[in-house]
Amino acid sequence: MSSRPHPSLTDEQVYNLIARFQEDGDAEAQAILVAHYRDLVETLAFKFAHGSEPYEDLVQVGMIGLIASLKRFDPDYGRSFESFAVPTIVGEIKRHIRDKTWSVHVPRRIKELGPRIKAAVEELTTQLQRSPRVQEIAEYLGVSEEEVLETMEMGRSYNAVSVDSPIEASNDGSQITLLDLVGTEDGGYEQIDRKMLLDKIFAVLTEREQEILRLTFFENLSQKQVGDQLGISQMHVSRLQRRALAKLRQAIRMEPSEVIG
């Protein structure tokens, strides 16, 4: 916390400065009051600076609460400014922490119901000597069962876990992260689709035509080599190959049901 000196003001001086600030937004009065109450704000911020939110950020948020208190304070209520400002500053800090520490956007009603459910569970557990049911929690709080369930479910989103966070150790002692468990794109699916398509459209070919295409395109034999292996002329192989490819082109343009039908 800061130990910088600040001007010492009497209550009367504080009230006069607040009046000047409220009347016309006197910047000098505001600066004096902010300097005077900075230690108060820093002390309050320090009490909440043990989580993920930086202390400096909480101080800035506390200052927003201080300015709001200066704008709304009315000495006619008979309260000191400090007793009026502290709840406002603390409330601003708590609201900031609550809004910033949820990893996903959550409706405010859910955020506010969460602590109430927690307190209700503790109270009902003591009363019933067992864990309360959702219906009992809802009745205790005067809300619907759906709201209780929604709040409990959304409560799991309070803190997101990094994909690099270790979750367990593998057999060799190395750590496994969530990223290790995330699936990657598998090109095999596309290959399977193509194979299924080829299997279907090849059904339109005769056995001789299928054999010619297999030897030509899969075993990379020349037309002469194919002819020699099948006992036919190279010209005959060429003619059968052209006819087979024409059939395949036509089959690809047809619906699958027409190909296998």
Side-chain angles (χ1 to χ4, degrees), residues 37 40-74 76-168 175-185:
Y37 287 109
L40 172 64
V41 173
E42 291 179 343
T43 299
L44 296 173
F46 183 76
K47 293 180 178 180
F48 296 92
H50 304 293
S52 59
E53 285 301 293
Y55 164 70
E56 293 77 9
D57 289 357
L58 297 183
V59 171
Q60 293 301 316
V61 173
M63 285 298 178
I64 295 174
L66 173 63
I67 300 299
S69 301
L70 292 173
K71 291 179 179 180
R72 298 199 303 265
F73 177 67
D74 186 348
D76 293 339
Y77 287 155
R79 301 171 59 189
S80 68
F81 175 74
E82 289 82 353
S83 65
F84 174 79
V86 168
T88 304
I89 296 170
V90 170
E92 198 70 35
I93 292 174
K94 286 184 175 181
R95 187 177 303 110
H96 171 80
I97 292 174
R98 180 185 61 199
D99 291 344
K100 292 297 182 181
T101 51
W102 286 77
S103 301
V104 297
H105 176 70
V106 177
R108 184 171 297 277
R109 62 182 178 83
I110 297 297
K111 296 177 183 177
E112 294 174 347
L113 185 56
R116 294 178 58 203
I117 290 178
K118 181 179 179 181
V121 169
E122 293 175 354
E123 176 65 25
L124 290 172
T125 299
T126 301
Q127 292 181 9
L128 303 172
Q129 295 299 302
R130 59 171 173 79
S131 298
R133 301 184 182 89
V134 172
Q135 180 183 359
E136 293 168 335
I137 298 173
E139 291 176 353
Y140 182 86
L141 295 175
V143 298
S144 68
E145 294 181 34
E146 289 76 12
E147 288 176 300
V148 173
L149 290 171
E150 182 182 12
T151 303
M152 295 172 70
E153 179 65 25
M154 293 302 293
R156 300 176 185 176
S157 303
Y158 190 76
N159 287 313
V161 178
S162 169
V163 293
D164 294 319
S165 299
I167 56 175
E168 63 180 73
Q175 290 183 325
I176 296 176
T177 67
L178 289 175
L179 188 59
D180 295 326
L181 303 180
V182 176
T184 57
E185 184 176 352

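- Once rounded to the nearest 0.5 Å, the distance linking CD1 of Ile67 with CD of Glu92 reads 11.5 Å.
- Counting only heavy atoms from C-beta outward, the side chains of Glu136 and Arg130 approach each other to under 4.5 Å.
- Closest approach of Ala120 and Leu141 over heavy atoms only: CB-CD2, 3.9 Å.
- Taking CD of Glu123 as the reference point, atom CG of Leu128 lies at 9.5 Å (rounded to 0.5 Å).
- No hydrogens or angles considered: a donor-acceptor pair under 3.5 Å links the side chains of Gln135 and Glu139.
- Nearest heavy-atom pair across Ser69 and Phe84 is O-CE2, 3.4 Å.
- Note: Phe73 and Phe81 have perpendicular aromatic rings, judged against thresholds of 30 and 60 degrees for the angle between ring planes.
- Taking every heavy atom of both residues into account, Pro132 and Thr125 meet most closely at CD-OG1, 3.4 Å.
- Among all heavy-atom pairs drawn from Ile89 and Leu66, the shortest one is CG1-N, 3.7 Å.
- Using a cutoff of 4.0 Å between basic side-chain nitrogens and carboxylate oxygens, Glu147 and Arg116 are not scored as salt-bridged.
- Looking at every heavy atom in both residues, Phe48 comes nearest to Leu58 through O-CD1, 3.5 Å.
- Side-chain contact between Val86 and Leu40: present, with at least one pair of heavy atoms (C-beta onward) separated by less than 4.5 Å.
- If you take CD on Glu42 and CD on Glu56, they are separated by 9.5 Å, rounding to the nearest 0.5 Å.
- No side-chain heavy atom of Val148 sits less than 4.5 Å from a side-chain heavy atom of Glu145.
- Under the 4.5 Å side-chain criterion, counting only non-hydrogen atoms from C-beta, Ser131 is not in contact with Val121.
- Looking only at side-chain heavy atoms (C-beta outward), Arg72 and Thr88 come within less than 4.5 Å of each other.
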